[in-house]
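Okay, so here's the structure we're looking at.
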Amino acid sequence: MQFTIRRDAETPIYRQIVDQVRAGIATGDLPRGARLPPVRQLALDCGVTRLTVHSAYAELQAEGLLESYVGRGTFVASTAETLPAPSSKEPIAWEGRSIVASLMRHGDRPGIISFVQAFPARETYPVSELEAALHEAMADPDVLGYGHTQGDPLLRAEVATLLAQRGITASPDDLLVTAGAQQAIDLILRAFTAPGDVLLVEEPTYPGVLELATRSGQRVVGIPNDDGALRIHALEAACLAERARLLYLVPTFSNPTGRSLDSPSREAVLRIAARHDLLVVEDDTYGFMPFDRPASPALRSLDVDGRVLTITSFSKMLAPALRLGTVVARGDLLASLATVKGASDLVCSAVLQRALALYLRAGHLPGHSRRTAALYAERRDALLGALERHMPGCTWMLPEGGLNLWLTLPGGIDEAGVANDALAAGVAVTPGAAFFPRRRPHGSFRLSYGALDPDRIEEGIALLARVLQDHLRMQGRVAPFGAGGPLV
Ligand SMILES: Cc1ncc(COP(=O)(O)O)c(C=O)c1O
């Protein structure tokens, strides 16, 4: 494991080591029994005193995360709270190093009905319109150059107009174009946090943020979100106890639940953010993808002092391969983000940016959004129907938009065990643990249904239900099919 020491950070160096070891244990990079570098070696590698490393190890020992044996060295304790042990059957890789990479790999296995990836439906990709827009873009040879770090002015102008639909008033200058929402999150973490800092997230949350944060040595603290009601007391307590700078939320059509943060929670978040000088990251990846009712206006539309940074992505709305998204932020924050963006990958592809700008300018998006909303609503309904018909003793949340549904298993059922057996039976689901900072099992699955047609959804849920029935039977419990129901 590589340690990163930031001498300019406010966090003391010994604490940076503590936090990075803790994160390594939580992510599985440092499994139980793993040997840590000897004090002398780590001190040399990091250019710090032995006393600093010794203090860090002593604190981790006192917490029960490490064990030291004279003459043998220091090890991750056999009782350290780490990820669930792999099942004896098919190995389930979200206990491994990269949750995001393993989710992708599992879903890609041939013949599997995969509810794993929050992918849009390929049949919705606007192939001919984008082809025409690319052709038109190429008429200007400058689009084959580097272009601006901040992004194509034409695209920024189009997105600024689009954001009005989310209640956001922005000028093209308030926007930075990024390589999708994932890069936007990465840039924000790199610009505004240091290793050892605390990142607050709602839980359950998007695993991509957990992965980025733990890899950059941040400590992630989860604030429970009870179906749209954020536990405000927990947020306030976390702000008092931790020196957090950032709160990350997916307030509209969340990944993983498809539900949105309610109005009192939105208002409370902004109040608390102002009181504790927090920046709020609003990941609005699904904000343009409602089903039955319009989406709530973006959190940023209520923000009076510029502490909300709103991320938009064209991956789910149009096509992931565009790799295009934007961040709207206050001028000083945007300048910091642009500096990190420039240092990271210089620019996003100018030709793709221009093609997207021309696609938007031609007015194709509203029709596309209407068609995709109808398709995803049909798939959601197919999933709800299949759950009601097949799933024994489960409850679920009704998605209001986006591509995901949150399913809760009957109490006492081992989510990783069911997910493993389901994979062996030909259906892949994401265990709930992947969406919590401490990755403890929660007896839940995320089901991403956007890329599956209704027949595959029916087949996949029937298979999953059979596996769950077997688990219930093994416990001497028999739940009648369809004994569960929607939570909301
Ligand atoms: C909430 C959320 N944020 C960010 C991303 C990453 O998206 P992009 O393709 O725009 O990088 C995803 C993808 O699933 C997501 O669900």
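Both ligands and their constituent atoms are indexed starting at 1 by order of listing. A quick note: this is a predicted structure, and the numbers were derived from the prediction, not measured.
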Review point. Does the pair Asp305/Arg330 count as a salt bridge with the N-to-O cut at 4.0 Å?
Key: no
**Study point:** Pairs involving residues 281-291, ordered by first then second residue, that meet salt bridge (Lys or Arg N to Asp or Glu O under 4.0 Å) (sequence neighbours left out)
**Key:** Arg166-Asp284
Practice item. Give the numbers and elements of all ligand 1 atoms closer than 4.0 Å to a heavy atom of Gly180. Key: 10 (O), 11 (O)
Study note, to complete from the structure: So for Gln183 against ligand 1, with non-hydrogen atoms under 4.0 Å, the contacting part is neither
Exercise for review: Salt-bridge test for Glu236 and Arg275: reply yes if a basic N is under 4.0 Å from a carboxylate O, no otherwise.
Suggested key: yes
Exercise for review: Answer with yes or no whether Arg323 contacts ligand 1, where contact means a heavy atom under 4.0 Å from a ligand atom.
Suggested key: yes
Practice item. Name the closest protein heavy atom to atom 5 (C) of ligand 1, giving the residue it belongs to and the distance to 0.1 Å. Key: Tyr206 OH, 3.2 Å
Practice item. Run the numbers for me: atoms of ligand 1, each under 4.0 Å from some heavy atom of Ala181, listed by number. Key: 4 (C), 7 (O), 8 (P), 10 (O), 11 (O)
Point to revise | For Gln183, all residues meeting side chain to side chain donor-acceptor pair (under 3.5 Å), sequence neighbours excluded | key: Lys341, Asp345
Check your understanding: Do we see a donor-acceptor contact under 3.5 Å between the side chains of Ser301 and Arg266?
Key -> no
Review point. Does ligand 1 have a heavy atom under 4.0 Å from the side chain of Phe314, from its backbone, from both, or from neither?
Key: neither
Check your understanding: Which atoms of ligand 1 have any heavy atom of Tyr286 under 4.0 Å away?
Key -> 1 (C), 14 (O), 15 (C), 16 (O)
